[in-house]
Amino acid sequence: MEISEVESTSVAIANQERILESAMSLLIDNRRTRAGCTFTVPSPYEYRHQWLWDSCFHSIVLRHFDTEAAENELRSLLSTQRHSGMVPHESNTEAFGIRLPFKSRITQPPFIARAALDVYEKSGNKEFLQEIFPKLHAYHIWLEKQRVESGVINVLDSNESGEDNSILWDYEYRVPVHKTYLRWLSSYLPFYPQKSAIKSVNSTSVYADALECMSAISKRLKMTDLERMYSAKKGSVISAMRKAFRNYDGIYYNLTHKGKMILNKTHSIFSPMFCGAIEKKQARKIVDEHFFNKDEFWTKFPIPTVAKKDAKFSPTDYWRGPTRININWMTNKGLLKYGFKDAAADLLGRTAALVMKSGFREYYNPLTGDGLGAKQFGWSTLVADMIMA
Ligand code: GLC
């Protein structure tokens, strides 16, 4: 398909239907039941366990087809919660079809409350909200105690950011991220020394949005004190983000563990829009100057996870440039939140074109649209949620 066919605003109805149908069948094919829990593996080939933010994304898409499956996905995820309240980034592990007792010691961007609220909005099932609320609340207490520092999220491991080999970690690790699988051990070994941390714009934006969702869920459950408490917490996180991340150019940048601003532009320059953290004027400037900039994020198959003109940009290296559909989904939501309907529709059009061209892959070359990484990849079905929004 030629980009021009989808360039303007809408995705042709026939294409929408094809995408929705294949998203549904992928999510059915990737569903597994292990030790009484039913969840969706990110890919039947490379990723055969349960992951935190993947499951949240799966449930957000599943809610359009099967709200019970969407609820079970979150039930399974929350069944992996540790006594401390922490929810591991990877669990329900197996080898050669045998379930293993391991779950990781790090978490991932806290998307669970967003997923729970979105699922509820389709199902109207208050009992489900009631059932999972204590676990969600415990997770948020844990997050605040263990990960919030000066009001923003301190990510303790690159795998915890969900962006395993992102360029943001180049300033932290001596052994280049992802050059060795030894790095993966740090997510499992209890006494593995934590060598680094970053204050993350993306994870904090997800967290601020989650606080708003916790407030909305509390409201649905008529817990007025908690509704107010979570809403006030969101307000303080938004102020803290401005203080910690805002540079003189108005953009929010990530910080190294020493508090130094990492001035590379990654997709996270759009993340504050997801939780409504910046003023509209600033958001418009970011959209005009960076989103629609052909040398930065408006490539033929946007949006790259690193600005094209950054010296570290690589179109094929995992989180160091390739397009990821969960990031497009977040960016699309942010654009809609600020009323940039045309930009959101353009992004949806190009995302749909990408999936029509290369299928549901883990990541894509933002210049050519070639599919890369795992095949039959779950969160890439988020394009279906973008279509149905
Ligand atoms: C990779 C990704 C991570 C994801 C996991 C499962 O490790 O970087 O974000 O959760 O795969 O898909």
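One-based numbering, in listed order, for ligands and for the atoms of each.
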TODO: May I ask you to check whether Glu362 has an N/O atom sitting below 3.5 Å from an N/O atom of ligand 1?
DONE: no
TODO: Enumerate the atoms of ligand 1 whose separation from the nearest heavy atom of Asp54 is less than 4.0 angstrom.
DONE: 4 (C), 6 (C), 10 (O), 12 (O)
- [ ] Using a strict cut-off of 4.0 Å, indicate which atoms of ligand 1 neighbour a heavy atom of Tyr318.
- [x] 1 (C), 2 (C), 7 (O), 8 (O)
Open item on the list: Looking only at the aromatic ring of each residue, does the gap between the centers of His49 and Trp51 stay below 6.0 angstrom?
Closed with: yes
TODO: Would you check the N or O atoms of Trp319, main chain and side chain alike, for any that come under 3.5 Å of an N or O of ligand 1?
DONE: yes
- [ ] Using distance alone, decide if ligand 1 has a nitrogen or oxygen within less than 3.5 Å of any nitrogen or oxygen in Phe377.
- [x] no
Open item on the list: For the aromatic rings, using the six-membered ring if either is Trp, is the centroid distance between Phe57 and Phe111 under 6.0 Å?
Closed with: yes
Task: Qualifying residue for salt bridge (Lys or Arg N to Asp or Glu O under 4.0 Å) with Arg320, from Asp310, Asp164, Asp170 - done: Asp170
Open item on the list: For Asp385 and His64, which I'm curious about, is there any donor-acceptor pair between the side chains at under 3.5 Å?
Closed with: yes
TODO: State whether a side-chain donor-acceptor pair under 3.5 Å links Asn365 with Thr316.
DONE: no
Open item on the list: Run the side chain to side chain donor-acceptor pair (under 3.5 Å) test against Tyr47 and tell me which residues pass, sequence neighbours left out.
Closed with: Tyr318, Glu362
Open item on the list: Can you tell me which portion of Glu163 lies within the under-4.0 Å heavy-atom range of ligand 1? Options are side chain, backbone, both, or neither.
Closed with: neither
Task: Close-contact set for ligand 1 against Gly162 heavy atoms, below 4.0 Å - done: 2 (C), 3 (C), 8 (O), 9 (O)
Open item on the list: Test of understanding: with side chain to side chain donor-acceptor pair (under 3.5 Å), list the residues that count as partners of Lys309, not counting sequence neighbours.
Closed with: Glu296
- [ ] Provide the number and element of each atom of ligand 1 under 4.0 Å from a heavy atom of Gln108.
- [x] 3 (C), 4 (C), 9 (O), 10 (O)
Task: Polar atom proximity, Trp51 to ligand 1 (N or O, under 3.5 Å) - done: no
- [ ] Considering the heavy atoms of Trp53, write down every atom of ligand 1 situated less than 4.0 Å from one of them.
- [x] 3 (C), 4 (C), 9 (O), 10 (O)
Task: Any N/O pair Asp164/ligand 1 closer than 3.5 Å - done: yes
TODO: Would you tell me whether Asn254 and Ser268 have side-chain atoms, one donor and one acceptor, within less than 3.5 Å of each other?
DONE: yes
